[in-house]
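Let me begin by presenting the structure, written as structure tokens, before commenting on it.
This chain uses plain numbering: 1 for the first residue, then up along the sequence. Atom set for the values below is all heavy atoms of this structure, side chains included, hydrogens, waters and symmetry mates excluded.
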Amino acid sequence: MAEELAGGKLLLDEPAESVARLTLNRPDSRNALDHETLNGLADTMPTLDRGIEIRCVVLTGAGGIFSAGYDIGGFSEEEFESEAESLVAHPFARGLDAVASHPWPVLCAINGHALGGALELTLCCDLRICARGAKLGMPPAKLGLIYGHTGLRRFIDAIGVPRTKELFLTGNNVTAERAEYIGLVNEVADDDNLEAAAVELAAGIAANAPLSMRGNKHAIDTLNSFSRLSDEQERELIDLRESCFRSDDFREGVAAFAEKRKPVWRGR
């Protein structure tokens, strides 16, 4: 039974061992990202950092769509004129940053169209598996919107400058196959198999050594965030690597490999 969060706009369940799944649950509004949903993401993600109890989080959508993007339908013309930037920036950034900064692997199961801010949300996840019938796109050029620089940076980091310009200057949607080709998603699955494929992938991730997953994610994110490491940052990453050799899990992993058995991780 899924737990309802954010007034039922998010659902939380555990579809596999050590895997938590958050589902955007506004199908009547195409799972658009309203303030309650975004604040729900921001409030819920930290609660899923439970030591080694949950080692992978899946983010997906209810029904046949991932999300149509940021919910602008409820704003009046007066609000747009006077408060548009603050209305968009605060809950949106808070929700996405909570996903991006989660210390454990996050997998996005893009079960249908992912547009606008929802596509940026997928890039806050570490891996993306996409339904074959999904369309992905960034429509700011068709709305008169100049996109935020932090969001643009996420796209540049993921697919480079030429592909980012392609998305933002044409405003055209791309197919799942095209998205995989340009690196926007990692894998494409048939629509009717997307949920099972995502859970299988998440379970495989969660079965790996927890210290290794958490440490490697931190190291990759640090290297990607800084063009040049400070002496302190480099020392921290060296210490992080060296710490694994002193861990119980490293000894367990080596022993399990030699004995051809499944390792029992302790997270220490």
Side-chain angles (χ1 to χ4, degrees), residues 9-11 21-34 37-38 41 57-74 88 92 95-96 99-100 106-148 150-202:
K9 295 177 180 180
L10 288 173
L11 301 178
R21 179 169 55 192
L22 269 177
T23 302
L24 305 175
N25 187 43
R26 300 185 68 210
D28 292 342
S29 301
R30 303 177 71 207
N31 293 332
L33 303 171
D34 67 352
T37 303
L38 290 162
L41 282 174
V57 176
V58 177
L59 181 63
T60 192
I65 187 170
F66 178 70
S67 172
Y70 192 87
D71 188 359
I72 61 175
V88 171
F92 186 70
L96 270 63
V99 175
V106 181
L107 168 65
C108 191
I110 308 172
N111 59 304
H113 296 358
L115 306 173
L119 186 55
E120 184 186 345
L121 174 58
T122 73
L123 293 186
C124 295
C125 303
D126 300 296
L127 296 171
R128 290 162 293 283
I129 183 170
C130 185
R132 196 173 304 278
K135 295 290 192 299
L136 295 80
M138 289 301 302
K142 300 182 183 299
L143 299 173
L145 175 67
I146 297 174
Y147 209 72
T150 55
L152 290 169
R153 170 56 62 188
R154 285 192 172 107
F155 282 88
I156 291 170
D157 286 344
I159 59 176
V161 170
R163 302 305 192 191
T164 298
K165 287 184 175 180
E166 176 186 334
L167 282 180
F168 281 85
L169 299 185
T170 69
N172 294 335
N173 294 339
V174 298
T175 64
E177 287 81 1
R178 174 70 174 167
E180 183 181 29
Y181 178 76
I182 66 176
L184 197 56
V185 303
N186 300 90
E187 183 180 338
V188 175
D190 291 338
D191 293 18
D192 58 2
N193 191 50
L194 187 278
E195 180 179 352
V199 171
E200 181 179 2
L201 178 56

Are the side chains of [Y] and [X] in contact, using a 4.5 Å heavy-atom criterion?
X    : Y    : value
L24  : L10  : yes
F66  : R30  : no
H113 : N173 : no
Y147 : E120 : yes
V199 : R21  : yes

Donor-acceptor check, side chain of [X] to backbone of [Y], threshold 3.5 angstrom: yes or no?
X    : Y    : value
N31  : R26  : yes
T175 : R178 : yes
N111 : G63  : yes
T60  : A109 : yes

Among [options], which residue meets the side chain to side chain contact (heavy atoms under 4.5 Å, CB included) test with [X]?
X    : options               : result
Y70  : L145, L38, L121       : L38
L123 : L184, V99, I159       : L184
L127 : V185, L107, T122, V58 : L107

Salt bridge or not for D190 and R132, using N-O below 4.0 Å?
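Between R132 and D190 there is a salt bridge, with a charged N closer than 4.0 Å to a carboxylate O.
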
Hey, could you give me the [atom1]/[atom2] distance between [X] and [Y], rounded to the nearest 0.5 Å?
X    : Y    : atom1 : atom2 : value
I110 : S67  : CD1   : OG    : 11.0 Å
L152 : T164 : CG    : OG1   : 7.5 Å
C124 : L119 : SG    : CG    : 10.0 Å
L41  : L59  : CG    : CG    : 6.5 Å
F168 : I146 : CZ    : CD1   : 12.0 Å

Write down the atom of [X], the atom of [Y], and the distance for their closest heavy-atom approach.
X    : Y    : answer
T23  : G61  : CG2-C, 3.6 Å
A179 : V174 : CB-CG2, 4.2 Å
V188 : E177 : CG2-N, 4.4 Å
L136 : C130 : CD1-SG, 3.8 Å
A68  : I65  : N-CD1, 4.1 Å
I129 : A189 : CD1-CB, 4.2 Å

Set of side-chain hydrogen bond (donor to acceptor under 3.5 Å, both in side chains) partners for D34, sequence neighbours left out:
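Scan of D34 (side-chain hydrogen bond (donor to acceptor under 3.5 Å, both in side chains), adjacent residues dropped) gives K9, T37.
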
[atom1] of [X]: more than 12 outside heavy atoms within 6.0 angstrom?
X    : atom1 : answer
E166 : CD    : yes
E195 : CD    : no
R154 : CZ    : yes

Quick one: salt bridge (charged side-chain N to carboxylate O under 4.0 Å, His left out) partners of R153, sequence neighbours excluded?
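Testing R153 for salt bridge (charged side-chain N to carboxylate O under 4.0 Å, His left out), a comparison that skips the adjacent residues, returns D157.
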
